[in-house]
Amino acid sequence: MHTVQENDPSNLLQRLIGLQQAFRHIPSDAIDHLAESLGLSRAFILGVIQFYSFLHSSPRGEYDILFSDNITDQMQGSRLLAQRLASKLGVDIGRTRDDQRVTLDYTSCTGMGDQGPAALVNGHPITRLTMERVDQLAALIEQAVPLDNWPAELFQVSAGVERRDIVLNSDYKPGTAILRCLEEGAEELLRRLEQAGLRGCGGAGFSTAKKWRFCASTESAERYVVCNADEGEPGTFKDRYLLQAHADRLFEGMTLCAAVIGARRGFLYLRGEYRYLLGPLQQILQQRRENGLLGQAILGRDGFDFDIDIHLGAGAYICGEESALIESLEGKRGIPRNRPPFPVTRGYLGMPTVVNNVETLANAALIAQQGVEWFRSVGTAQSPGSKLLSISGDCERPGIYEFPFGTPISEILAACQAHHTQAVQIGGAAGRLIPPAEFNRTLAFEDLATGGSFMVFNQSRELLNAIDNFTRFFRHESCGFCTPCRVGTAMLTKQLGKVMVGHATSKDLDELGTLGSLMRQTSHCGLGQTAANPILDGLEKFPDIFQSRLRSTSFEPAFDLDASLEEARAITGRSDPGAHLEGGGV
Amino acid sequence: MSGSFSIDGVTVPFETGQSIMDAALAAKIYIPHLCHNPEFQPHGSCRLCCVTANGRTVAACTTLATDGLEVANETHEITTRRRLLLKLLFVEGNHVCPACEKSGACQLQAVAYHCGMLAPEFVHFYPKRAVDASHPETIIDFNRCILCELCVRASRDHDGKSVFNISGRGIDAHLTIDSPSGRLGDSRFSASDKAARVCPVGAILPKHRGYEIPIGRRLYDQESISQVGDVASHREQEDG
Amino acid sequence: MADKIRIATASLAGCFGCHMSLLDIDERLIDLVAHIEFDRTPLTDIKQIGRCDVGLIEGGVCNAENVEVLKAFRRHCNLLVAVGACAINGGIPAMRNQYSLTECLEEAYLHGSGIDQPQIPSDPELPLLLDQVHPIHDVVWIDYFLPGCPPSADTIFTFLDELLSGKPIRFAYRQIHYD
């Protein structure tokens, strides 16, 4: 069986993550050593380091603290908490303290939206941050208490399931689905998945059976199955729950896929933010090996050899895009590939590869066990079954909800006890902004498709803050490969900033619209194509939140005229009227 | 196998496996592009070659031609989009044409002329970028780099040296050089490398040669790129 | 001659090259003058701008005075045109944006070679410099852009001629260049 050798270049990212953990950065001599042993250039390795947010060329503090900066964290007061910690510790946000004790910074959504505000300390999540907790952290850090000795309750991640339906109400026994597949054959399993109408739960909704069939039918010596657990979409955390509570199902789903496509090796690509799940997941894998559900001759079937490795991500949202994920699995920068060829024909190491979301694979295992009728007992004709939602924001009961497809938004809002709702962002930053007039729309591939993020904003919220947060998120997460996304996300941030500070006119809104539709039409991948969604949806459905911030002038300068003289005033010491510029636009 | 498709109503033959771009080039139909060079594997990053194929927007350089495909290339809408993309490229870097030795034979300029761009209009980024003059024969001005990765591809796939790389992410993505100091002079780069001759803009330039052809008499000064083609192909003819 | 088009021109952070190019229209100027009259421009030495049909701006915005002049032009001109590379993207003067203003002034007045009495000038008579050089469209709305360093006399003539005739403005390939 092919396993990754230590000196395989595809192992680069994993080696770098190991070095980062051991040395708090990637030391320069380690780069030279890696370059030599992996046969890669130094510049290539530096390029990989600089691509991933969690890899650094200069040392981080002994305590590396990253505050989750999603809008839902912010709505729960995360910014104030971060500032409080910063002032307690005497360190600026974004900096490492001079004594190297601590680094403080913000990071993209850490997937704890139901129990925020959240932060990561050396990769370990701390949830439900409060002033008291922040003070507690400050004390622990000042006293240099090793992380292992921190109170365990700080690291508790709860698994709050608020609504269960067919999937979460089902019992599941490891191995049943595999056994049935071995008895009935791969074709029968595919037929069952097809009849059940299982579609990709990452949001795209591609037929799972079709994907597996394509992969199986591509001539190749090796095939791979990959589970996409890079749950990076802001506001989603349902995969975190599945990985925490139902990993067995998903590993079974991967094994079923392996049986169908003839893969001998699979990967779970686990986002860096979920590194705390690595140990428990590896234990489950080990258990499955011991139970004959992984490894050589699974369940005694000669020739059915399959095992799963867990690869970590390192803070790059784009790696949730399946071809970028494959690049990352190969140890490279996560740049989305040109498609076609799609991964099912040319994926990992150029071999046919199935990439499925956590929920999809877990559902596949359940369908194999429970049957078609069970799955189709809920949902709609085009979207059978149910969907896990991660509900966060302004509601009394945030958490994991399982709803049948076809459920109207209004019903979901009622279930999570959201009141005076101004808008819902469905599908994360890349998703859609839904106004109350559309709350009768339904959760379904044929209406509102979603990977599972469901963020609620009540009427007290400045919706523009959310739009600004998402726009900045995309600027930070753009891979930089294609022109419209690389420059467009930066330009949108700049232009929206002008609106935020009240210096914009209607001409600036026109420009936002123009840029947004250019990005939607011409970007290389889904990130760039959806990065302007928050702005475009906002302009279309909530025009007032933009209009109310506009100047009545027809044009306003791109920069603060008087402020741009500040440096000159400081140099010359002038403060006469001539040393100032009045007003803005003409 | 082969077949035919249409670009703006003109029938274009293609061989199986040929991209829309390659088939267009062979038929002498110009589709604006910056990161494409038929000598290297298609990249699809500049997005200038985005056309609509049966109504869907795709990059011509990375999309295979198929029988009966209806491609729109030089429509008002597509040209407007191209102008926007060009404007983004112009404001992203520091493109001071009057101070650039490549001016007049620069593909970024030439495509912008072709698409009728009068000015970049957006807010300029004015990034602070360096010039690397450490190599005895070649100078790199990062201000002008448009991240087409042609030098990356040429050095890796043709020269076998992998001198160039991309580092950073998003708007911070930038060209890097593989050497202990990160400077070109300390790298394995040679002025005779293919990578020295593929830059479509003035980012990688030979030293000791200035204004040999006066402004006004350069490649794109008299005729459109749609007539005379890519600057890299001309340089190959001159050199070879 | 009430029907004459009234034109004003100014050079901000520029080199007057674009104005030279305007004069380079040569004998065709005679035809033009039958249809246009100049308001504030270095050519007439009129200091205050009056109501104008067209304003031609050369140069980018590098100091407080540039901002004031540009705003006055915008207020008084129906049509404001960015003429030349500096007005369009800051041009050569904007190359100082690679450095901070402090670095620039210190190099020019304190640490540069051949400096006699090192001192950064400061006088209320002198306009203060902006921390960066900007294209003029960063400060006011611009209706039209004529690229070139400078735009050729032919380009400027074509622009004015077609503007006067009310035709849509179209340039031949060779009339548009950025250098």
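Each chain gets a letter, A, B and so on, in the order the sequences are listed, and its residues count up from 1. Just so it is clear, the values below take in all heavy atoms, side chains as well, and ignore hydrogens, waters and symmetry mates.
Side-chain contact annotation: B:R169 with A:S53, donor-acceptor N/O pair under 3.5 Å present. Looking at A:Q521 and B:T57, their side chains never bring a donor and an acceptor atom within 3.5 Å of each other.
The backbone N or O of B:C46 lies less than 3.5 Å from a partner atom in the side chain of A:T483, making a donor-acceptor pair. Within the 3.5 Å criterion, the main-chain N or O of A:S41 finds no donor-acceptor partner in the side chain of B:D178. B:R47 places a side-chain N or O within donor-acceptor distance of the main-chain N or O of A:T522, the cut-off being under 3.5 Å.
Contact between A:A43 and B:T176 at its shortest, heavy atoms only, is CB-OG1, 4.1 Å. Across A:L518 and B:R81, no two heavy atoms sit closer than the pair CD1-O, 3.6 Å. Listed here is the closest heavy atom pair of B:I146 and A:R486: O-NH2, 3.8 Å. When every heavy atom of A:L515 is checked against every heavy atom of B:L88, the shortest pair comes out as CD2-CD2, 3.8 Å. Taking all atoms of both residues into account, the shortest heavy-atom contact from B:G44 to A:F481 is O-CE2, 3.7 Å. Taking both residues in full, the closest heavy atoms of B:V91 and A:M491 are given as CG2-CE, 3.6 Å, listed atom of the first, atom of the second, then distance.
For the pair A:P484 and B:L85, the minimum side-chain heavy-atom distance is below 4.5 Å.
Only the side chain of A:Q495 comes within contact range of chain B, judged by heavy atoms closer than 4.5 Å. Of the two parts of B:E121, neither the backbone nor the side chain holds a non-hydrogen atom closer than 4.5 Å to a non-hydrogen atom of chain A. Neither the backbone nor the side chain of B:F164 comes within contact range of chain A; no heavy atoms are under 4.5 Å apart. At a 4.5 Å heavy-atom cutoff, the contact between B:H174 and chain A is made by side-chain atoms alone. Using a 4.5 Å cut-off between heavy atoms, A:A316 touches chain B through backbone and side chain atoms alike. Only the side chain of A:R333 comes within less than 4.5 Å of a heavy atom of chain B; its backbone N, CA, C and O stay farther away. For B:E77, the part lying near chain A is the side chain, with the backbone staying farther off; criterion is any non-hydrogen pair under 4.5 Å.
Of the listed residues (B:C50, B:G168, B:A173), the greatest number of heavy-atom pairs within a distance under 4.5 Å of chain A belongs to B:G168. Per-residue heavy-atom pair counts under 4.5 Å with chain A were compared for B:T80, B:L147, B:L64, B:L34, and the maximum is reached by B:L147. Interface check for chain B: of the options A:G334, A:S523, A:G488, the most heavy-atom pairs under 4.5 Å are formed by A:S523.
The number of heavy atoms from other shown groups lying within 6.0 Å of CZ (A:R346) does not exceed 12. Residue A:F559 places its CZ atom among more than 12 non-hydrogen atoms of other residues, nucleotides or ligands, all under 6.0 Å distant.
Atom SG in B:C61 sits 7.0 Å away from atom CG in A:N338 (nearest 0.5 Å). Residue B:L84 holds its CG atom at 12.0 Å from CE of A:M519, rounded to the nearest 0.5 Å. Separation of atoms CZ (A:R42) and OG (B:S187) is listed at 13.5 Å; rounding is to 0.5 Å.
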Legend entry - Working for side chain to side chain contact (heavy atoms under 4.5 Å, CB included), residues B:I166 and A:F51: CA-CA 9 Å; B:I166 302 295; A:F51 187 84; over 6 Å; no
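Under a cutoff of 6.0 Å and an axis angle of 45°, A:K494 and B:F122 do not form a cation-pi pair.
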